Amino acid sequence: MTEPLDLVRQLLADRFPACAMRSAEDGASCAITAAGREGAMRMEVMVHHPVTGALSCVRFKRGTPQDGSVHFWTFVDDAAGETLHFEVTCCLNRLGSLIGEWLEPERPFSSRLVLPATENEAAKVPASGDPTVLEEVDASILQTLPEPQAALQALAADIARIDRAAVLRHWPRDAQGRLALRATALLNAYGPPTRKRQPCLILVSASAQRRMPEFRLTLSQEFLYNHRWNWKDAPWLWAAQHAPNEAPEVHTVRRLLSQGLAEDACDMFGVRLGDGVRRLAEGKPFGRFMPNPPAWREELHTALRSLAPWQMRDGLAHIQAYLAATNKKPPKQGSWERKLFWFSKQTQQAKFGLAIGQGENGAPELRIIATASNEHFPEPDWRDVSPPERLDNA
(Lines give C-alpha, C1' and ligand atoms only; values in the text may rest on other atoms or scores of the structure.)
Protein backbone atom coordinates (compact mmCIF):
# COMPACT_ATOMS: atom_id res chain seq x y z
CA MET A 1 0.00 0.00 0.00
CA THR A 2 1.35 3.42 -0.99
CA GLU A 3 2.02 5.65 1.99
CA PRO A 4 0.03 8.95 1.98
CA LEU A 5 3.15 11.12 2.14
CA ASP A 6 4.65 9.18 -0.78
CA LEU A 7 1.72 10.46 -2.84
CA VAL A 8 2.52 14.01 -1.75
CA ARG A 9 6.19 13.49 -2.56
CA GLN A 10 5.29 12.25 -6.05
CA LEU A 11 2.96 15.22 -6.54
CA LEU A 12 5.81 17.59 -5.74
CA ALA A 13 8.19 15.77 -8.07
CA ASP A 14 5.71 15.92 -10.95
CA ARG A 15 4.41 19.49 -10.57
CA PHE A 16 6.56 21.42 -8.11
CA PRO A 17 10.17 20.19 -8.36
CA ALA A 18 11.47 23.37 -6.73
CA CYS A 19 9.80 22.41 -3.45
CA ALA A 20 11.59 20.53 -0.69
CA MET A 21 9.73 18.16 1.63
CA ARG A 22 10.79 17.03 5.09
CA SER A 23 8.68 14.28 6.67
CA ALA A 24 8.52 12.81 10.15
CA GLU A 25 9.68 9.26 10.74
CA ASP A 26 6.18 8.06 11.58
CA GLY A 27 4.89 9.13 8.13
CA ALA A 28 2.10 11.20 9.68
CA SER A 29 3.38 14.73 9.10
CA CYS A 30 5.59 16.75 6.81
CA ALA A 31 6.73 20.29 6.04
CA ILE A 32 7.14 21.74 2.54
CA THR A 33 9.37 24.70 1.74
CA ALA A 34 10.33 26.46 -1.48
CA ALA A 35 13.17 28.76 -2.46
CA GLY A 36 12.06 32.37 -2.52
CA ARG A 37 8.87 31.65 -0.59
CA GLU A 38 8.73 32.73 3.06
CA GLY A 39 7.08 30.41 5.54
CA ALA A 40 6.15 26.78 5.00
CA MET A 41 3.26 24.44 4.35
CA ARG A 42 2.65 21.78 7.01
CA MET A 43 0.52 18.66 6.69
CA GLU A 44 -0.86 16.23 9.21
CA VAL A 45 -2.14 12.92 7.82
CA MET A 46 -5.39 11.92 9.53
CA VAL A 47 -7.69 8.95 9.03
CA HIS A 48 -11.39 9.81 9.14
CA HIS A 49 -14.00 7.15 9.75
CA PRO A 50 -17.76 7.64 10.09
CA VAL A 51 -19.42 6.99 13.42
CA THR A 52 -23.01 7.44 14.50
CA GLY A 53 -24.03 11.05 14.08
CA ALA A 54 -20.52 12.44 13.71
CA LEU A 55 -17.17 12.19 11.96
CA SER A 56 -14.17 11.11 14.01
CA CYS A 57 -10.52 10.94 13.07
CA VAL A 58 -7.22 9.55 14.33
CA ARG A 59 -3.65 10.35 13.39
CA PHE A 60 -2.23 8.11 10.67
CA LYS A 61 -0.04 5.24 11.90
CA ARG A 62 2.27 3.54 9.48
CA GLY A 63 1.65 -0.19 9.16
CA THR A 64 -1.74 -0.04 10.89
CA PRO A 65 -4.81 -1.21 8.90
CA GLN A 66 -6.91 1.85 8.05
CA ASP A 67 -10.71 1.58 8.35
CA GLY A 68 -11.42 5.04 6.98
CA SER A 69 -10.36 7.61 4.41
CA VAL A 70 -7.05 9.46 4.52
CA HIS A 71 -7.25 13.26 4.78
CA PHE A 72 -4.53 15.88 4.74
CA TRP A 73 -4.85 18.59 7.35
CA THR A 74 -2.93 21.41 5.71
CA PHE A 75 -1.54 24.54 7.36
CA VAL A 76 0.05 27.46 5.50
CA ASP A 77 2.38 29.41 7.79
CA ASP A 78 4.11 32.74 7.28
CA ALA A 79 7.76 33.43 8.07
CA ALA A 80 6.91 34.04 11.76
CA GLY A 81 5.10 30.70 12.07
CA GLU A 82 1.62 32.23 12.17
CA THR A 83 -1.02 30.20 10.33
CA LEU A 84 -2.42 32.06 7.32
CA HIS A 85 -4.74 29.31 6.10
CA PHE A 86 -6.00 25.89 7.16
CA GLU A 87 -8.10 23.37 5.33
CA VAL A 88 -8.80 19.65 5.25
CA THR A 89 -8.83 17.73 1.99
CA CYS A 90 -8.68 14.14 0.78
CA CYS A 91 -8.20 15.17 -2.86
CA LEU A 92 -4.69 15.27 -4.32
CA ASN A 93 -5.91 17.61 -7.08
CA ARG A 94 -7.04 20.13 -4.47
CA LEU A 95 -3.77 19.64 -2.61
CA GLY A 96 -1.91 20.45 -5.82
CA SER A 97 -4.03 23.55 -6.36
CA LEU A 98 -3.35 24.68 -2.80
CA ILE A 99 0.41 24.29 -3.24
CA GLY A 100 0.20 26.20 -6.52
CA GLU A 101 -1.72 29.05 -4.87
CA TRP A 102 0.85 29.16 -2.08
CA LEU A 103 3.74 29.41 -4.54
CA GLU A 104 2.09 31.99 -6.80
CA PRO A 105 2.83 35.62 -5.90
CA GLU A 106 -0.18 37.69 -4.88
CA ARG A 107 -1.48 39.69 -7.80
CA PRO A 108 -1.77 43.43 -7.12
CA PHE A 109 -4.98 45.33 -7.71
CA SER A 110 -5.47 48.75 -9.23
CA SER A 111 -4.91 51.85 -7.12
CA ARG A 112 -8.51 52.98 -7.84
CA LEU A 113 -11.48 50.71 -8.44
CA VAL A 114 -13.38 51.34 -11.67
CA LEU A 115 -16.22 48.97 -12.61
CA PRO A 116 -16.64 47.96 -16.23
CA ALA A 117 -19.46 49.61 -18.14
CA THR A 118 -22.62 47.56 -18.48
CA GLU A 119 -25.85 47.91 -20.36
CA ASN A 120 -27.54 44.63 -19.55
CA GLU A 121 -28.80 45.17 -16.01
CA ALA A 122 -32.48 44.34 -15.70
CA ALA A 123 -34.87 47.29 -15.84
CA LYS A 124 -37.89 47.33 -13.57
CA VAL A 125 -40.89 45.63 -15.13
CA PRO A 126 -44.04 47.69 -14.49
CA ALA A 127 -46.41 45.89 -12.12
CA SER A 128 -49.85 45.17 -13.57
CA GLY A 129 -52.98 45.63 -11.45
CA ASP A 130 -53.62 47.35 -8.16
CA PRO A 131 -51.75 45.90 -5.19
CA THR A 132 -53.79 43.76 -2.83
CA VAL A 133 -52.92 43.48 0.85
CA LEU A 134 -54.53 40.56 2.69
CA GLU A 135 -54.64 41.31 6.42
CA GLU A 136 -54.06 38.24 8.58
CA VAL A 137 -52.93 39.99 11.73
CA ASP A 138 -53.41 38.19 15.05
CA ALA A 139 -52.62 40.80 17.69
CA SER A 140 -52.88 38.37 20.61
CA ILE A 141 -49.10 37.89 20.71
CA LEU A 142 -48.79 41.52 21.87
CA GLN A 143 -50.34 40.56 25.20
CA THR A 144 -47.00 39.12 26.33
CA LEU A 145 -45.30 42.54 26.10
CA PRO A 146 -44.77 44.78 29.17
CA GLU A 147 -47.16 47.42 27.77
CA PRO A 148 -49.58 45.56 25.48
CA GLN A 149 -52.06 48.43 25.11
CA ALA A 150 -49.41 50.81 23.79
CA ALA A 151 -48.23 48.12 21.39
CA LEU A 152 -51.80 47.55 20.14
CA GLN A 153 -52.21 51.26 19.46
CA ALA A 154 -48.89 51.41 17.60
CA LEU A 155 -49.87 48.36 15.53
CA ALA A 156 -53.23 49.87 14.57
CA ALA A 157 -51.53 53.13 13.55
CA ASP A 158 -48.98 51.25 11.42
CA ILE A 159 -51.65 49.26 9.60
CA ALA A 160 -53.61 52.44 8.91
CA ARG A 161 -50.65 54.22 7.34
CA ILE A 162 -49.55 51.48 4.94
CA ASP A 163 -49.21 53.06 1.48
CA ARG A 164 -49.73 50.40 -1.19
CA ALA A 165 -48.19 52.57 -3.88
CA ALA A 166 -45.02 52.99 -1.79
CA VAL A 167 -44.84 49.23 -1.17
CA LEU A 168 -45.19 48.56 -4.88
CA ARG A 169 -42.54 51.13 -5.76
CA HIS A 170 -39.94 49.88 -3.30
CA TRP A 171 -40.58 46.13 -3.28
CA PRO A 172 -37.44 44.10 -4.06
CA ARG A 173 -37.04 42.86 -7.63
CA ASP A 174 -35.80 39.59 -9.08
CA ALA A 175 -33.07 39.17 -11.70
CA GLN A 176 -35.59 39.93 -14.46
CA GLY A 177 -36.70 43.18 -12.84
CA ARG A 178 -40.08 41.78 -11.70
CA LEU A 179 -41.55 42.10 -8.20
CA ALA A 180 -39.85 39.42 -6.12
CA LEU A 181 -41.95 36.42 -5.11
CA ARG A 182 -41.99 34.99 -1.58
CA ALA A 183 -40.06 38.02 -0.32
CA THR A 184 -40.56 39.31 3.23
CA ALA A 185 -40.32 42.93 4.31
CA LEU A 186 -40.30 43.68 8.05
CA LEU A 187 -42.24 46.91 8.59
CA ASN A 188 -42.00 47.47 12.34
CA ALA A 189 -41.30 45.78 15.66
CA TYR A 190 -43.13 46.12 18.98
CA GLY A 191 -41.99 46.00 22.57
CA PRO A 192 -38.56 46.67 24.08
CA PRO A 193 -35.44 45.80 22.04
CA THR A 194 -34.30 42.22 22.51
CA ARG A 195 -31.90 39.71 20.97
CA LYS A 196 -34.72 37.20 21.14
CA ARG A 197 -37.77 37.01 18.88
CA GLN A 198 -40.22 39.88 19.18
CA PRO A 199 -43.59 40.73 17.60
CA CYS A 200 -43.03 42.19 14.12
CA LEU A 201 -45.38 43.43 11.41
CA ILE A 202 -44.31 41.75 8.18
CA LEU A 203 -45.42 41.87 4.57
CA VAL A 204 -44.96 38.77 2.37
CA SER A 205 -45.39 38.69 -1.41
CA ALA A 206 -47.29 35.95 -3.22
CA SER A 207 -45.59 32.74 -4.37
CA ALA A 208 -46.72 32.94 -8.03
CA GLN A 209 -46.46 35.66 -10.68
CA ARG A 210 -50.12 35.23 -11.66
CA ARG A 211 -51.11 36.41 -8.17
CA MET A 212 -48.90 39.48 -8.11
CA PRO A 213 -49.08 42.18 -6.91
CA GLU A 214 -50.58 40.45 -3.87
CA PHE A 215 -49.16 40.74 -0.35
CA ARG A 216 -50.05 39.15 2.97
CA LEU A 217 -49.81 41.29 6.12
CA THR A 218 -49.22 39.39 9.34
CA LEU A 219 -47.83 39.72 12.85
CA SER A 220 -45.26 37.14 13.93
CA GLN A 221 -42.37 36.56 16.30
CA GLU A 222 -39.15 37.41 14.45
CA PHE A 223 -35.46 38.07 15.01
CA LEU A 224 -35.28 41.71 13.97
CA TYR A 225 -31.96 41.73 12.14
CA ASN A 226 -32.42 38.35 10.45
CA HIS A 227 -34.37 40.18 7.75
CA ARG A 228 -32.53 41.55 4.74
CA TRP A 229 -35.50 43.78 3.89
CA ASN A 230 -35.79 45.29 7.34
CA TRP A 231 -37.73 48.52 6.75
CA LYS A 232 -38.19 49.42 10.42
CA ASP A 233 -35.90 52.46 10.25
CA ALA A 234 -37.04 53.43 6.73
CA PRO A 235 -40.85 53.80 7.09
CA TRP A 236 -41.12 55.92 3.92
CA LEU A 237 -40.61 52.68 1.98
CA TRP A 238 -44.03 51.42 3.07
CA ALA A 239 -45.91 54.20 4.87
CA ALA A 240 -47.65 57.39 3.76
CA GLN A 241 -44.86 59.77 4.70
CA HIS A 242 -42.11 61.63 2.92
CA ALA A 243 -38.58 60.30 2.74
CA PRO A 244 -35.94 62.36 4.56
CA ASN A 245 -34.20 65.04 2.57
CA GLU A 246 -31.12 63.78 0.74
CA ALA A 247 -27.69 65.39 1.05
CA PRO A 248 -26.76 67.60 -1.91
CA GLU A 249 -23.92 65.19 -2.80
CA VAL A 250 -26.28 62.26 -3.44
CA HIS A 251 -26.91 63.25 -7.05
CA THR A 252 -23.14 63.30 -7.66
CA VAL A 253 -22.75 59.88 -6.01
CA ARG A 254 -25.40 58.40 -8.29
CA ARG A 255 -23.69 59.87 -11.34
CA LEU A 256 -20.32 58.45 -10.29
CA LEU A 257 -21.84 55.01 -9.70
CA SER A 258 -23.51 55.07 -13.10
CA GLN A 259 -20.03 55.68 -14.56
CA GLY A 260 -18.55 52.75 -12.64
CA LEU A 261 -16.57 55.00 -10.27
CA ALA A 262 -17.61 53.13 -7.13
CA GLU A 263 -14.58 54.05 -5.05
CA ASP A 264 -14.89 57.75 -5.88
CA ALA A 265 -18.57 57.62 -4.91
CA CYS A 266 -17.78 55.96 -1.58
CA ASP A 267 -15.03 58.46 -0.82
CA MET A 268 -17.58 61.27 -0.79
CA PHE A 269 -19.11 59.84 2.40
CA GLY A 270 -15.98 58.33 3.93
CA VAL A 271 -16.84 54.72 3.06
CA ARG A 272 -13.80 52.51 2.49
CA LEU A 273 -13.67 49.51 0.16
CA GLY A 274 -11.60 46.74 1.72
CA ASP A 275 -8.80 45.07 -0.21
CA GLY A 276 -10.85 41.88 -0.64
CA VAL A 277 -13.71 43.82 -2.20
CA ARG A 278 -11.39 45.56 -4.62
CA ARG A 279 -9.67 42.30 -5.58
CA LEU A 280 -12.91 40.44 -6.22
CA ALA A 281 -14.35 43.38 -8.18
CA GLU A 282 -11.35 43.13 -10.52
CA GLY A 283 -11.77 39.38 -10.97
CA LYS A 284 -8.85 38.43 -8.73
CA PRO A 285 -8.96 36.09 -5.71
CA PHE A 286 -10.24 38.17 -2.80
CA GLY A 287 -7.90 36.38 -0.42
CA ARG A 288 -5.14 33.82 -0.55
CA PHE A 289 -6.53 30.29 -1.01
CA MET A 290 -10.10 31.57 -1.28
CA PRO A 291 -12.68 30.52 -3.91
CA ASN A 292 -13.38 32.98 -6.69
CA PRO A 293 -16.43 31.84 -8.72
CA PRO A 294 -17.04 34.14 -11.73
CA ALA A 295 -20.66 34.75 -10.66
CA TRP A 296 -19.50 36.38 -7.42
CA ARG A 297 -17.74 39.14 -9.30
CA GLU A 298 -20.94 40.02 -11.17
CA GLU A 299 -22.99 39.89 -7.96
CA LEU A 300 -20.51 42.24 -6.31
CA HIS A 301 -20.61 44.61 -9.31
CA THR A 302 -24.40 44.74 -9.11
CA ALA A 303 -24.23 45.58 -5.41
CA LEU A 304 -21.56 48.25 -5.82
CA ARG A 305 -23.49 49.99 -8.61
CA SER A 306 -26.52 50.31 -6.33
CA LEU A 307 -24.75 51.53 -3.18
CA ALA A 308 -26.10 54.32 -1.02
CA PRO A 309 -22.95 55.33 0.92
CA TRP A 310 -24.75 58.32 2.45
CA GLN A 311 -26.94 55.93 4.49
CA MET A 312 -24.28 53.60 5.88
CA ARG A 313 -23.14 55.55 8.94
CA ASP A 314 -26.73 55.85 10.18
CA GLY A 315 -27.25 52.12 9.56
CA LEU A 316 -24.19 51.26 11.65
CA ALA A 317 -25.40 53.63 14.38
CA HIS A 318 -28.81 51.91 14.45
CA ILE A 319 -27.20 48.50 15.07
CA GLN A 320 -24.75 49.88 17.64
CA ALA A 321 -27.69 51.40 19.56
CA TYR A 322 -29.62 48.13 19.29
CA LEU A 323 -26.66 46.09 20.60
CA ALA A 324 -26.11 48.60 23.41
CA ALA A 325 -29.77 48.26 24.44
CA THR A 326 -29.84 44.46 24.30
CA ASN A 327 -26.49 43.58 25.91
CA LYS A 328 -25.39 44.02 29.50
CA LYS A 329 -22.18 45.61 28.24
CA PRO A 330 -22.36 47.73 25.08
CA PRO A 331 -19.96 46.41 22.39
CA LYS A 332 -16.99 48.49 21.38
CA GLN A 333 -17.22 50.45 18.17
CA GLY A 334 -15.77 48.35 15.34
CA SER A 335 -16.03 45.05 17.25
CA TRP A 336 -18.81 43.67 15.05
CA GLU A 337 -19.74 43.43 11.38
CA ARG A 338 -22.86 42.48 9.44
CA LYS A 339 -23.25 40.84 6.07
CA LEU A 340 -25.13 42.62 3.30
CA PHE A 341 -25.76 39.36 1.47
CA TRP A 342 -24.21 35.95 0.84
CA PHE A 343 -22.73 35.13 -2.54
CA SER A 344 -24.58 32.46 -4.52
CA LYS A 345 -24.26 28.67 -4.71
CA GLN A 346 -22.63 27.93 -1.36
CA THR A 347 -23.56 24.90 0.71
CA GLN A 348 -21.15 25.14 3.63
CA GLN A 349 -22.34 26.53 6.95
CA ALA A 350 -20.05 29.57 7.01
CA LYS A 351 -20.63 31.30 3.67
CA PHE A 352 -18.72 34.12 1.98
CA GLY A 353 -20.51 37.39 1.47
CA LEU A 354 -20.26 41.15 1.27
CA ALA A 355 -20.29 42.75 4.71
CA ILE A 356 -19.88 46.08 6.45
CA GLY A 357 -18.04 47.02 9.61
CA GLN A 358 -16.33 50.00 11.15
CA GLY A 359 -12.76 50.76 10.17
CA GLU A 360 -10.47 53.54 11.32
CA ASN A 361 -12.20 56.43 13.11
CA GLY A 362 -15.51 54.58 12.93
CA ALA A 363 -15.73 54.92 9.13
CA PRO A 364 -17.90 52.35 7.31
CA GLU A 365 -15.84 49.68 5.52
CA LEU A 366 -17.10 47.12 3.01
CA ARG A 367 -15.42 43.72 3.36
CA ILE A 368 -15.60 40.13 2.16
CA ILE A 369 -16.20 37.83 5.13
CA ALA A 370 -17.22 34.26 5.87
CA THR A 371 -20.07 33.94 8.36
CA ALA A 372 -22.77 31.50 9.39
CA SER A 373 -24.85 34.22 11.06
CA ASN A 374 -28.31 34.99 9.70
CA GLU A 375 -28.07 38.63 10.83
CA HIS A 376 -28.15 41.20 8.04
CA PHE A 377 -27.24 44.82 7.57
CA PRO A 378 -30.70 46.04 6.43
CA GLU A 379 -30.89 46.71 2.72
CA PRO A 380 -32.27 50.28 3.10
CA ASP A 381 -29.09 51.13 5.04
CA TRP A 382 -26.75 50.30 2.17
CA ARG A 383 -28.68 50.05 -1.11
CA ASP A 384 -30.13 52.97 -3.07
CA VAL A 385 -33.67 51.58 -2.95
CA SER A 386 -35.46 54.55 -4.48
CA PRO A 387 -33.25 56.69 -6.73
CA PRO A 388 -35.55 59.14 -8.56
CA GLU A 389 -34.10 58.40 -12.00
CA ARG A 390 -35.03 54.73 -11.65
CA LEU A 391 -38.55 55.15 -10.30
CA ASP A 392 -39.83 56.31 -13.68
CA ASN A 393 -39.62 52.70 -14.81
CA ALA A 394 -41.53 51.27 -11.87
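In this text the structure is predicted, and so the values were computed from the model without any measurement.
In this structure, D14 places its CG atom where more than 12 heavy-atom neighbours from other residues, nucleotides or ligands lie under 6.0 Å away. Heavy atoms of other residues, nucleotides or ligands lying less than 6.0 angstrom from CG of N361 number 12 at most. For E38, the CD atom counts as loosely surrounded, since its 6.0 Å shell holds 12 or fewer non-hydrogen atoms of other residues, nucleotides or ligands. Heavy-atom neighbours of E136 CD from other residues, nucleotides or ligands within 6.0 Å: above the threshold of 12.
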Verdict with reasoning, E299 to R297, per salt bridge (charged side-chain N to carboxylate O under 4.0 Å, His left out): CA-CA 5 Å; E299 292 165 10; R297 181 193 183 203; over 6 Å; no
E249 and R255: CA distance, side-chain angles, deciding distance, salt bridge (charged side-chain N to carboxylate O under 4.0 Å, His left out) verdict: CA-CA 10 Å; E249 301 89 347; R255 178 176 53 81; over 6 Å; no
Candidate pair M43 and I32, rule side chain to side chain contact (heavy atoms under 4.5 Å, CB included), full reasoning: CA-CA 8 Å; M43 292 181 199; I32 299 171; 3.5 Å; yes
Evaluation steps, salt bridge (charged side-chain N to carboxylate O under 4.0 Å, His left out), between E263 and R272: CA-CA 8 Å; E263 194 160 7; R272 183 180 181 276; over 6 Å; no
E3 vs F60, side chain to side chain contact (heavy atoms under 4.5 Å, CB included): CA-CA, chis, key distance, verdict: CA-CA 10 Å; E3 296 287 331; F60 173 81; 3.1 Å; yes
CA sep, side-chain torsions, deciding dist, call: L98, M41, side chain to side chain contact (heavy atoms under 4.5 Å, CB included): CA-CA 10 Å; L98 187 59; M41 179 177 288; 4.2 Å; yes
Step-by-step side chain to side chain contact (heavy atoms under 4.5 Å, CB included) determination, L280 to F352: CA-CA 12 Å; L280 181 57; F352 291 103; over 6 Å; no
From CA spacing to verdict: salt bridge (charged side-chain N to carboxylate O under 4.0 Å, His left out), R112, D264: CA-CA 8 Å; R112 299 296 291 175; D264 292 344; 2.6 Å; yes
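Across all non-hydrogen atoms, the minimal contact from L142 to L155 is CD1-CD2, 3.7 Å. Considering every non-hydrogen atom in both S205 and L181, the closest pair reads OG-C, 3.4 Å.
A salt bridge is defined here as a Lys NZ or Arg NE, NH1 or NH2 lying under 4.0 Å from an Asp or Glu carboxylate O, and E44 with R59 meets this definition. Remark: D77 engages R42 in a salt bridge, criterion side-chain N to carboxylate O under 4.0 Å. A salt bridge does not link E135 with R216: every distance from a Lys NZ or Arg NE/NH1/NH2 to an Asp or Glu carboxylate oxygen is 4.0 Å or more. Salt-bridge check for D384 with R254: passed, with a basic side-chain N closer than 4.0 Å to an acidic carboxylate O.
Annotation: the span from I99 atom CD1 to L12 atom CG amounts to 5.0 Å, rounded to 0.5 Å. In this structure, CD on E222 lies 6.5 Å from CG on L186, to the nearest 0.5 angstrom. Separation of atoms OG (S29) and CZ (F75) is listed at 10.5 Å; rounding is to 0.5 Å. A distance of 11.0 Å separates CG of N292 from CZ of R279, quoted to the nearest 0.5 Å. The distance from the CG atom of L366 to the CE atom of M312 is 5.0 Å, given to the nearest 0.5 Å. Atom-to-atom distance recorded for H376:NE2 and N226:CG is 8.5 Å, nearest 0.5 angstrom.
In this structure a side-chain-to-backbone donor-acceptor pair under 3.5 Å is missing from T89 to R94.
For A154, the side-chain contact (heavy atoms from CB on, under 4.5 Å) partners two or more places apart in sequence, or in a different chain, are Y190.
A donor-acceptor contact closer than 3.5 angstrom is absent between the side chains of W336 and Q358. Judged purely by distance below 3.5 Å, without hydrogens or angles, the side chains of H85 and E87 pair a donor atom with an acceptor atom. Side-chain contact, S23 with R9: a donor N or O sits under 3.5 Å from an acceptor N or O.
The aromatic rings of W73 and F86 sit perpendicular to each other, their planes meeting at more than 60°, with 30° as the lower class boundary. Ring planes of F215 and W171: perpendicular class, angle over 60° (limits at 30 and 60°).
Among pairs with a residue in residues 144-160, those fulfilling salt bridge (charged side-chain N to carboxylate O under 4.0 Å, His left out) read D158-R161, at least two apart in sequence or across chains.
Aromatic pair F377/Y225: centroids not less than 6.0 angstrom apart.
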